[in-house]
Q: 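The following block contains the structure, expressed as structure tokens.
From a predicted model like this one, the values you see are computed outputs, not experimental measurements. When reading the values below, keep in mind they use all heavy atoms of this one structure, side chains included, and skip hydrogens, waters and symmetry mates.
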Amino acid sequence: MREHRSTGDVVAGLLSLLALIALVAGVPTALLRFTGSPLPERVPDGSVFTEPLDTETILYVVTLGVWLAWLQLVVCLLVELHAGVRGIGVPARVPLAGATQAIVHKLVVAVLLLFTATTAIMPAFAAQSPAQQQPYRVTQAAAHEEMRGQHAQGHPEQQRPGSPAQERDGTTAKIYTVQPPHGRHHESLWEIAEKCLGDGRRYKEIFELNKSHVQPDGSRLQQASLIRPGWVMEMPSDARNTEIIPKSKLQDYFRDGNPDPPAAKPKPRPAPERDAAKAAPPAAKPDPRPGTQAPRPDRPGQVHADQRPQQSPAPTPVLEIQPQAQTFPWPEALAGTSLLAAGLLTSLGMRRRAQLTRRRPGHMIPRPEGASALAEQALRIGADAEGARALNLGLRRLSQGLAAQRRTPPTVYGVHLGARSLDLWIAPADEDPPSPWEPHDGGQVWRLHTSALDVLQERDLADVLAPYPGLISLGTNESGRVLADLEAAHGLIAVDGPPEQRKAALAAMAVELATNSWSDHMRLTLVGFGTELQQIAPDRIRCVPSLAEALPELEARTAEVRQALYAAGADSVLTGRCRGVFGEAWMPHYLVTADQPSKADAARLVALARTGQRLSAGYLVAGHVEDATWQWRIDEEGELDAGVLGFQVKAQRVSESEYHAVAGLFRTAGRAEGVPLPAVPPEPPAGSERPAAGIRMLGRVLVEAPGTIDEARRDICAEVLVYLAAHPGGVHPTVLSGAVWPRGVTAGVRDSTIAMAADWLGRDSRGRPNLYSDERGRLRLGSEVRVDLQHFRFLLWRSAAEPASEAAYLSHALELVRGPLLAGRPKGRYSWLATDELEYETVARVVDAAHRLYELRTAEADVRGAVQAARAGLRLAPDDEVLWRDLLRATEATGDRTAVHTVLDELRGRADLDLLQPETEALIEELVPRAHARGA
């Protein structure tokens, strides 16, 4: 906001005033003088439509059109004047007056500058003039000063005197008093969030800050939809239109409403500033991620307690520079658990697919928040799905090859998973592994080049039992990840070291066992971890409070396996698994205990674990245990020494807070209720007419830009542009860096990447940058950048607004869908999707649109159109069984039985659709009797 009028403002205001006078008064005067009154001399009858047209009639029609255009201009002028004078901010839309209203808006803004002391009027439409669009600057020092100025502009109510100490030590708080109702209108948290935070969706932040406080009337905030006049709401630090009070008096305000006398209350801001705050565009919600300009090396965004300035006796308002403080620590350890992360995400995906089957139209499945969302973000960064696939398929292929040769798999003591190969350390040495395995080091190592598995699919080995389900990741060394087999110990494995470190290492082993893909049905008994981990895999995990309670089941299971070995005539469970006989008997049962056992329990466990032959069991216990077969030790730095195995690695660990956050992910994925989809904005999307650049998200990531880009930086720049396209309201650079670089990045790297992306995106037809920094310091895409997702949403709005053309608009919308959302993104990138609702919302909207179009085409007896509608939705959501059922029904309606069988084969080929819903199974049985939905 500019505080003073410039000479240019005055000249522009005078010219605009003259233009408005000429348009409002001059146009009707000229029309009356040269064409006369527009009112007809007599009431027209039906002959008007049958008489031949003459020159006079044509001129009359043209004149009438000019009068109607003038009337529309006058209406636009009244609307804009009302919005500008009253400070409404974004004016009401005049129907069919897009360009006219935009011109009138600019003229009114220029005129009002002559009469207002502070400029606070925002544009009515997304397009801005070149003077308002500032290309992003790269200089770090300039960026820092710009950020300070932008924050000062973005929070006008905070521009009051305040010492630097008070600006940093958090001695003030912001509050808002719920206003009494006006007529039938009651204030809501959503409206408060819109008024004070610029985004109604941030009402949850206000709810979380206040849900535990006792209000002046003695009640508490329990539901976000129920608030009462007079309640005092503590507000986030970036709120506007609030009272700023000493933090020490916050509880007094909650108890008494306003304990200060009127004279002590903060004075309200002048009306123009209130108007400016109200007219400001919505603020993007800062995600709770690590900051990037950290005053403290170990926790970004925070200051050491001994570095904080002393509290002053009279706190004053805070001028905020940093974004919202980090609430949850970044789960760095989870980002390093490559195989564990892949297993967790696979299990989580299965839960969410089941959740999608219960989703109601118009709703999306709930997404995780807080620490759980950050945990998923870390898992997405670290997950090594290709490594997990190589381990799973490679071991099953090995078992299949040995079974064909009637050989028993060797004992595997250790596994090394590198970037391009998988090594098994076996005993005894054998120089004749089955293809495609190769012998090395005299047959002590069997090596598989992972590229040899490219032609294999999971379904090719669906009938092969996992030969080594007890493999667990110990950690990493300089060349890759090291694993060991629990069953190879033939006894107890004790993990000693500092209690916190050993528990974190044991928790990582337990979680990986419960979710990995290289084991089949498994029983896992956990002791000393509480019940949280049971949320992750309730079909595999059983949590018990003590080892004594777990021992009877373990002993009974061991007896069952011995009997099965005797009945099958097998020397070990490896032979049984390899040959596929008595399959259930070889399913493993493992024990992991975080508590050090008593001497009596330890002796009982050692006797149970020590066997002369390999059984489907493994035992991991905490602490030093005499007579343990393997003794492992972890130190304070997280280095693990695997004793006689000879491995020394950086241990894989999952702390208690991290596995609690992971359990929260699975709790959210188990919720039955959905979340209503947000309203679709009716505004036409940018780049509708003359796109200068394009960003396509509904399929493979594609940036269509006039500039050039270094290929080495294409992926990161594309991610920056996609993030901005997904948040059209604008994004502060600090928030952007927290999303795209969640593990931290320097301001220089961030700014240079943004500048490179801006050069790539180029300029629009008027010479304005397509990526610019607005007056509030937020990065935005220009008005001529076409984003396919925004067009998709707008077409959905049009389909609902115009029922007669619903099918046509839905068809056009689905034509934009080319494949899964943001397909082909590089490994470890776009992790911000875990904390964003983009995936959840887009999948729900596409599925709903495709299913609705299928219904419309079916009602029209357009079976080909119904098939196309279902396939369009499956391009983005290939696992949605609602659309598969639509496709089956529509294909059946064509009468082409071959096509029905083709669709059925496609459905069977979906490896992700392992277990079909009963509705799908029943439909398949109805359409193709005696056909089985699972596998051939």
Side-chain angles (χ1 to χ4, degrees), residues 290 328-349 368 371-392 414-419 422 469-484 486 495 497 500-519 524 526 529 532-533 535-537 540-541 590 592 594 620 632 634 637-640 642 647-666 742-743 827-829 831 834:
F328 304 100
W330 172 248
E332 185 66 40
L334 287 177
T337 58
S338 58
L339 300 179
L340 182 154
L344 278 172
L345 290 179
T346 299
S347 298
L348 188 62
S372 293
L374 287 183
E376 183 176 349
Q377 187 177 24
L379 292 173
R380 292 193 183 206
I381 290 175
D384 183 9
E386 289 302 314
R389 179 181 182 274
L391 193 59
N392 178 36
V415 176
H416 180 269
L417 179 62
L422 174 65
L471 286 173
I472 54 170
S473 295
L474 300 182
T476 56
N477 58 20
E478 64 279 358
S479 59
R481 183 162 294 273
V482 176
L483 300 91
L486 297 182
V495 181
E500 184 177 351
Q501 295 288 354
R502 76 188 185 199
K503 183 176 182 179
L506 288 167
M509 296 174 188
V511 173
E512 186 177 274
L513 282 170
T515 58
N516 71 61
S517 59
W518 56 88
S519 64
L524 188 60
L526 303 183
F529 294 98
E532 279 288 86
L533 291 179
Q535 299 277 346
I536 297 174
R540 285 192 175 189
I541 295 178
Y590 301 133
V592 183
L620 277 164
W632 299 344
I634 187 171
E637 301 301 320
E639 298 290 334
L640 186 142
F647 306 139
Q648 290 190 347
V649 295
K650 186 69 174 178
Q652 175 174 274
R653 292 160 292 161
V654 177
S655 68
E656 187 170 358
S657 63
E658 288 169 342
Y659 71 67
H660 277 282
V662 169
L665 283 174
F666 285 82
R743 304 171 87 169
K827 176 181 177 293
R829 299 238 58 93
S831 63

Q: Please report the closest heavy-atom contact between Lys503 and Phe529, naming both atoms and the distance.
A: O-CE2, 4.0 Å

Q: Testing Leu374, Leu379, Ile381, Val511 one by one against Leu334 for a side-chain contact (heavy atoms from CB on, under 4.5 Å), which residue passes?
A: Leu379

Q: May I ask you to decide if Glu478's main-chain N or O and Lys650's side chain share a donor-acceptor pair within less than 3.5 Å?
A: no

Q: State, yes or no, whether a side-chain contact exists between Ile472 and Leu620 at a heavy-atom distance under 4.5 Å.
A: yes

Q: Would the distance check show the side chain of Asn392 and the main-chain N or O of Ala388 forming a donor-acceptor pair, the cut-off being under 3.5 Å?
A: no

Q: Of all heavy-atom pairs between Leu526 and Ala510, which one has the smallest distance, and what is that distance?
A: CD2-CB, 3.7 Å

Q: Considering all heavy atoms of both residues, which atom of Gly638 and which atom of Gln501 are nearest to each other, and what is their separation?
A: CA-OE1, 4.2 Å

Q: Determine yes or no for a side-chain-to-main-chain donor-acceptor pair under 3.5 angstrom, with Tyr590 supplying the side chain and Gly470 the backbone.
A: yes

Q: Are side-chain heavy atoms of Trp632 and Arg502 found at a separation under 4.5 Å?
A: no

Q: Verify the neighbour count for atom CD of Glu332: are there more than 12 heavy atoms of other residues, nucleotides or ligands below 6.0 Å?
A: yes

Q: First locate atom NE2 of His660, then atom OG of Ser655, and finally report the distance between them rounded to the nearest 0.5 Å.
A: 9.0 Å

Q: If we only count heavy atoms from C-beta on, is the Asn477 to Gln648 side-chain gap below 4.5 Å?
A: no

Q: Taking the side chain as every heavy atom from C-beta outward, state whether Met509 and Leu474 have any atom pair closer than 4.5 Å.
A: yes

Q: Closest approach of Thr476 and Arg481, non-hydrogen atoms and distance?
A: CG2-NH2, 3.3 Å

Q: Going by distance alone, is a donor N or O of one side chain under 3.5 Å from an acceptor N or O of the other, for Arg540 and Ser347?
A: no

Q: Let's go through Thr346 and Thr515 carefully: what are the C-alpha distance in whole Å and the side-chain angles of both, what is the deciding distance for side-chain contact (heavy atoms from CB on, under 4.5 Å) to 0.1 Å, and is it a yes or a no?
A: CA-CA 8 Å; Thr346 299; Thr515 58; over 6 Å; no

Q: Looking at Leu665, is its backbone amide N or carbonyl O close enough to the side chain of Glu376 to form a donor-acceptor pair, meaning the two atoms are under 3.5 Å apart?
A: no

Q: Using a 4.5 Å cut-off on heavy atoms from C-beta on, say whether the side chain of Leu344 contacts that of Phe666.
A: yes

Q: Compare all side-chain heavy atoms of Glu386 with those of Lys827 and state whether any distance is below 4.5 angstrom.
A: no

Q: Among Leu417, Val415, Leu486, Leu339, find the residue that satisfies the side-chain contact (heavy atoms from CB on, under 4.5 Å) test when tested with Leu471.
A: Val415

Q: Tell me if a side-chain donor or acceptor on Ser338 pairs with a main-chain N or O of Ala383 at a distance below 3.5 Å.
A: no

Q: Specify the closest pair of heavy atoms between Phe647 and Leu483, including all atoms of both residues, with the distance to one decimal.
A: CE1-O, 4.3 Å

Q: Specify the closest pair of heavy atoms between Arg653 and Ile634, including all atoms of both residues, with the distance to one decimal.
A: CD-CD1, 4.0 Å

Q: What distance separates Leu340 CG from Leu345 CG, expressed to the nearest 0.5 Å?
A: 9.5 Å

